[in-house]
Amino acid sequence: MNNFVYDIPTKVYFGENQLGNLGPELSKYGKKVLLTYGGGSIKKIGLYDKVVEEIKKAGLELFELSGIDPNPRVSSVNAGADICKREGIDVLLAVGGGSVIDCTKYIGAAAYYDGDAWDILLKKTPVEQCLPIVTVLTLSATGSEMDSGGVISNPETNDKIGLLFPVMQPKVSFLDPTVTYSVNRYQTACGAADIMSHIIEVYFNMNQDLYMLDTVMEGLMKTVIKYTPVALAEPDNYEARANLMWASSWAINGFVNGGKRHAWSCHPMEHELSAFYDITHGLGLAILTPRWMAYTLGEKTIGKFVQYGVNVFGVDPTLPQMEIAQQGIERLKAFFFETLGLQSTLTEIGIDDTHFGLMAEKAAELGATKYAFQPLAAEDIEKIYRMCL
């Protein structure tokens, strides 16, 4: 196995009634706070008022950037960076899901960059400085509250690019499961698919690594499979929401990676789907993942599929290996499309094969899929897209 470094410096306040700690935590970084959020749902559920109250109670000066889109645009990053430079912002407070947090990370980086923030992603400009970031999470999905990465879209060029920089790691994150009670059925389901995909991207790996980490990933997947239906049936079930929220963070905070080196596959493919069609990220991953599994299942990879089928979905281990592997894939499809009720094909959501060739080329180039669990060239990726129609 490979050596690795594990360093997750994010401080987490988990559970109800923790916002009383927000003001003191923000105050550690200065007096001027830029609050970032999306379309206003935090106002409907009363979270906005609570956050503003804590900021004022701490004697801090408040500035705001609202309207951050579900697939965050570089235009929002530039707008936020302009506020930071003009007002001398000391600390960023992201209140929302992964899109708001991702956007805020790049605002923090762009505040130190003289130019269009898109340069940072397109040219992979090294980010060595970032304003401190505090988050209040409202959706269990991306895990951005506890990692150093973020994904930004540019609708003008149909690009969606994600990078990781250690300085963009949030300093503090507030995770209150009760805040997610109001998340609707569709977004809860898409969030669950996103969490599952984060784990699957690491779990299906040809690198030999710690058995312990495989068991942790299997436990995380079983947690999502167990508690998402509960959250769908009982939106205010604290146990279900808490398990999904904590699983979301640990799926992608680097812990389960260990020494694995292989690149991800489904995420770069999905980034092209949502770059061209602006679909929900988790839905795209749900449609792609089982087809990617079917395409990559073969003599060299079957062992991992057998392990997955038996340990995650409880497939009978006495069955022939290929049958175990195929049953594991079918049970994931049933979870996504029957249990969660997500659309199962690209055709259902109005996507045809018009841009598949270009999307496949970009996914192969940007995602480095030739270094993945099963190496994928552009022609392989295009075939997987077609399997999703």
Side-chain angles (χ1 to χ4, degrees), residues 19 22 33-55 62-84 89 92-108 110 117 133-145 150-156 160 162 170 173-194 231-232 235-236 241 244-245 248 270-271 273-285 342-343 349-350:
L19 281 183
L22 179 60
V33 181
L34 175 61
L35 168 62
T36 60
Y37 56 99
S41 62
I42 65 169
K43 292 184 177 180
K44 295 177 183 177
I45 64 174
L47 180 59
Y48 173 86
D49 290 337
K50 292 178 183 177
V51 167
V52 170
E53 181 183 356
E54 293 302 326
I55 292 172
L62 175 63
F63 300 84
E64 295 187 22
L65 175 69
S66 62
I68 295 174
D69 293 301
N71 286 309
R73 273 59 163 170
V74 69
S75 56
S76 292
V77 177
N78 283 322
D82 287 344
I83 296 172
C84 292
I89 298 297
L92 304 175
L93 174 60
V95 182
S99 296
V100 171
I101 299 172
D102 282 8
C103 185
T104 305
K105 289 176 179 178
Y106 284 100
I107 290 172
I133 297 164
V134 176
T135 83
V136 178
L137 184 66
T138 63
L139 175 65
S140 304
T142 71
S144 193
E145 68 280 357
V151 182
I152 302 296
S153 296
N154 187 338
E156 294 182 4
K160 185 174 181 179
S173 287
F174 289 80
L175 277 61
D176 179 355
T178 65
V179 172
T180 65
Y181 286 175
S182 61
V183 176
N184 65 36
R185 183 182 183 88
Y186 173 73
Q187 290 297 341
T188 298
C190 289
D194 199 358
L232 294 177
D236 59 351
R241 294 293 191 179
L244 291 175
M245 181 169 271
S248 169
E270 197 293 317
H271 287 168
L273 280 175
S274 47
F276 276 83
Y277 297 100
D278 199 26
I279 65 172
T280 303
H281 179 55
L283 174 61
L285 291 170
L342 293 172
Q343 294 102 320
I349 56 175

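Hydrogens, waters and symmetry mates play no part in the numbers below; they use all other heavy atoms, side chains included.
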message: Is any side-chain heavy atom of Ser66 closer than 4.5 Å to one of Tyr37?
response: yes

field: Within-4.5 Å side-chain heavy-atom neighbours: Phe174 and Val134
entry: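 Yes; the side chains approach each other to less than 4.5 Å.
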
Looking only at heavy atoms, which two atoms of [X] and [Y] are closest? And how far apart?
X      : Y      : value
Ala79  : Leu65  : CB-CD1, 4.2 Å
Lys105 : Ile133 : CA-CD1, 3.5 Å
Ala81  : Ile107 : N-CG2, 3.8 Å
Glu145 : Met245 : OE2-O, 4.5 Å
Phe63  : Ile83  : CB-CG2, 4.4 Å
Ala189 : Leu232 : N-CD2, 4.4 Å

- prompt: Checking side chain to side chain contact (heavy atoms under 4.5 Å, CB included) against Ile101, which of Leu139, Thr135, Leu92 comes through?
  reply: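 Result: among Leu139, Thr135, Leu92, Thr135 is the only option passing the side chain to side chain contact (heavy atoms under 4.5 Å, CB included) with Ile101.
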
Counting N and O atoms only, with roles assigned by atom type, does the side chain of [X] sit under 3.5 Å from a partner on the main chain of [Y], one being a donor and the other an acceptor?
X      : Y      : result
Tyr106 : Ala117 : no
Asp69  : Asn71  : no
Ser248 : Ala141 : yes
Asp236 : Thr178 : no
Thr138 : Gly97  : yes

statement: Between Tyr48 and the options Glu64, Glu53, Lys43, the side-chain hydrogen bond (donor to acceptor under 3.5 Å, both in side chains) test singles out Glu64

At what distance, to the nearest 0.5 angstrom, does [atom1] of [X] lie from [atom2] of [Y]?
X      : Y      : atom1 : atom2 : answer
Asp102 : Ser144 : CG    : OG    : 3.5 Å
Asp82  : Ile89  : CG    : CD1   : 12.0 Å
Leu62  : Leu93  : CG    : CG    : 8.5 Å
Ile42  : Asp49  : CD1   : CG    : 9.0 Å
Arg241 : Ser140 : CZ    : OG    : 7.5 Å
Gln187 : Ser182 : CD    : OG    : 11.0 Å

query: Can Leu47 and Leu19 be said to form a side chain to side chain contact (heavy atoms under 4.5 Å, CB included), step by step?
result: CA-CA 10 Å; Leu47 180 59; Leu19 281 183; 3.9 Å; yes

Working for side chain to side chain contact (heavy atoms under 4.5 Å, CB included), residues Tyr186 and Thr280: CA-CA 10 Å; Tyr186 173 73; Thr280 303; 3.0 Å; yes

Derivation and outcome, side chain to side chain contact (heavy atoms under 4.5 Å, CB included), residues Thr142 and Asp194: CA-CA 6 Å; Thr142 71; Asp194 199 358; 3.6 Å; yes

message: What verdict does the side chain to side chain contact (heavy atoms under 4.5 Å, CB included) test give for Leu34 and Cys84, after you've listed the backbone C-alpha separation in whole Å, the side-chain angles of each residue and the deciding distance to 0.1 Å?
response: CA-CA 8 Å; Leu34 175 61; Cys84 292; 3.8 Å; yes

message: Side chains of Thr36 and Thr104 only: does a donor on one sit below 3.5 Å from an acceptor on the other?
response: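 Yes.
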
